[in-house]
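Below is one structure, written out as structure tokens, with a few remarks after it.
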2 protein chains.
Amino acid sequence: MKSRRDELVDTALRLFYKQGFNATGIDKILSESGVAKMTLYKHFGSKDELILAALTRRDEQFLDWLTNAMETASPDPRAQLLSLFDALEKWFRGQAFKDLGFAGCAFINASGEFTDPDHPAHRLAKQHKQEIVDHLAKLCTKAGATDPETLAEQLALLKEGAIVTAHVRGITESARVAKTIATGLLDAALPA
Amino acid sequence: MKSRRDELVDTALRLFYKQGFNATGIDKILSESGVAKMTLYKHFGSKDELILAALTRRDEQFLDWLTNAMETASPDPRAQLLSLFDALEKWFRGQAFKDLGFAGCAFINASGEFTDPDHPAHRLAKQHKQEIVDHLAKLCTKAGATDPETLAEQLALLKEGAIVTAHVRGITESARVAKTIATGLLDAALPA
DNA sequence: TGACAAATAGACAGATCGGTCTGTATATAT
DNA sequence: ATATATACAGACCGATCTGTCTATTTGTCA
């Protein structure tokens with residue numbers, strides 16, 4: 001059973017994601033979650049803290065989903081790296097997080113609203129992106145890359161490009177465009 | 001001499017870009033631009049219209065800057081395509097729009113705040129991105145690509161990835177990561 | 001049953017929001 | 001010099017924002 005705190009964080013994440021952080025008022029989160037205002041301020045000191053909690057929840061949720069999708073796809077690390085882009089396409093099509101749909105990357109969106117790199121939400125976004133790069137680098141090492149860090153940065157950049165293209169322009173096929181480029185990179189960087 | 005309307009739009013663009021659209025109030029734009037409230041509402045029917053005017057201004061400004069930077073770089077279309085990423089790096093370092101600095105792409109940020117694809121600001125963002133792809137496709141044709149549209153989409157995706165990486169993670173070198181990948185794509189897609 | 005903790009509803013405060021309105025000052029052109 | 005357009009300053013409106021407070025209800029455990 002979900003605690004009142006979880007109820008708040010999940011509702012906040014959903015509304016922040018679909019309507020933006022500044023555009024979403026506390027009252028809407030309360031009415032949609034059915035939680036009283038005092039309960040919110042018992043768990044969180046301010047709206048900013050709730051924003052951070054929602055993004056933290058998203059961080060865990062997204063990494064769990066992504067790593068699971070990639071591990072499930074294949075035992076081969078090279079195939080796992082490529083399956084990143086198959087997972088992205090499912091996400092873009094709204095098949096990954098059914099209660100949220102697809103409205104771009106919550107962390108890119110957060111960085112757009114809180115452009116100051118020292119803002120806690122922006123810092124969390126940076127950390128989230130770094131975690132993904134680190135995970136990719138591990139797989140690149142396992143796949144036998146001579147420069148796994150560089151390869152991981154390249155793949156991560158393709159991922160970000162695909163996300164933005166899918167969201168801003170509505171082109172879900174961007175995942176396949178990125179996958180094609182990634183295939184060429186892996187062919188060149190990994191031993192046959 | 002700048003008209004009052006231009007004064008408004010320039011100030012609005014600067015504040016929207018650095019602080020976000022919803023977080024920037026009308027009163028701040030008025031006080032920083034030194035324009036009276038009634039003058040604003042004589043030129044624009046609402047804040048939403050001012051947002052659109054600011055983004056339209058940014059669209060012109062950015063495309064002018066980018067096309068000029070690429071044309072200036074070289075007469076060779078292949079070199080022009082690669083110079084896209086040199087221009088990006090200058091932008092990331094804050095050397096392109098000195099009154100604005102770098103706070104990500106205004107259109108990616110707008111799409112993050114206005115996630116509904118039918119929102120006028122989101123539509124404008126989509127249009128802006130399409131204009132750039134079209135411009136790249138023309139250059140790809142000039143460079144002799146057999147499939148200029150696909151190549152242009154690939155380069156555009158690299159551009160978006162570099163922008164997001166630079167903004168969210170603060171890694172200005174992302175422009176060079178993208179350029180390396182782009183070089184490989186051009187080597188494979190263009191006649192020697 | 002009675003005590004205690006947790007969550008409820010909802011009024012309230014103070015600030016800020018977008019937008020309207022009145023009245024005054026400035027500048028240009030005839 | 002007078003007419004006209006434009007922009008000014010700033011009061012004002014209703015709505016909404018975050019956050020605080022009181023008083024009531026609910027649920028649990030002894």
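Values below: all heavy atoms of this structure, side chains included; hydrogens, waters and symmetry mates excluded. Note on naming: letters A, B, ... go to the chains in the order of the sequence lines (proteins, then strands), and numbering restarts at 1 for each one.
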Requested in this report: Evaluate the ring pair (Phe, Tyr, Trp, His ring centres under 6.0 Å) criterion for residues His128(B) and Phe62(B): first the C-alpha distance (whole Å), next the side-chain angles of each, then the deciding distance (0.1 Å), finally the verdict.
Outcome: CA-CA 9 Å; His128(B) 170 82; Phe62(B) 189 85; 5.6 Å; yes
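For the pair Leu30(B) CG and dG18(C) P, the computed distance is 9 Å after rounding to whole Å. Rounded to a whole Å, the NZ atom of Lys42(B) is 12 Å from the P atom of dC21(C). Atom NE2 in His43(A) sits roughly 9 Å away from atom P in dA6(C) (whole-Å rounding). What separates CD of Gln19(B) from P of dC17(C) is a distance of 11 Å, to the nearest Å. For Leu8(A) and dA6(C), the CG to C1' distance is 14 Å, given to the nearest whole Å. For Leu15(B) and dC17(C), the CG to C1' distance is 16 Å, given to the nearest whole Å.
Note on Thr39(B): every side-chain N or O is 4.0 Å or more away from OP1 and OP2 of dT6(D).
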Query raised in the report: Reading nucleotides 9-25 of chain D from the 5' end, what letters show protein touch, with B for base, S for backbone sugar-phosphate only, - for no heavy atom under 4.0 Å?
Result: B--------BBBBB---
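Arg14(A) and Asp99(A) are not joined by a salt bridge, as no carboxylate oxygen comes within less than 4.0 angstrom of a charged side-chain nitrogen. By the 4.0 Å N-to-carboxylate-O rule, Arg78(A) lies close enough to Asp187(A) to be salt-bridged with it. Electrostatic pairing of Lys37(A) and Asp27(A) counts as a salt bridge here, judged by a charged N lying under 4.0 Å from a carboxylate O.
Among residues at least two apart or in separate chains, side chain to side chain donor-acceptor pair (under 3.5 Å) pairs with a member in residues 166-181 of chain B are Gln130(A)-Arg169(B), Glu153(A)-Arg169(B), Asp86(B)-Lys179(B), Glu89(B)-Arg176(B).
Aromatic ring orientation, Phe102(A) versus Trp91(A): perpendicular (interplanar angle above 60°, classes split at 30° and 60°).
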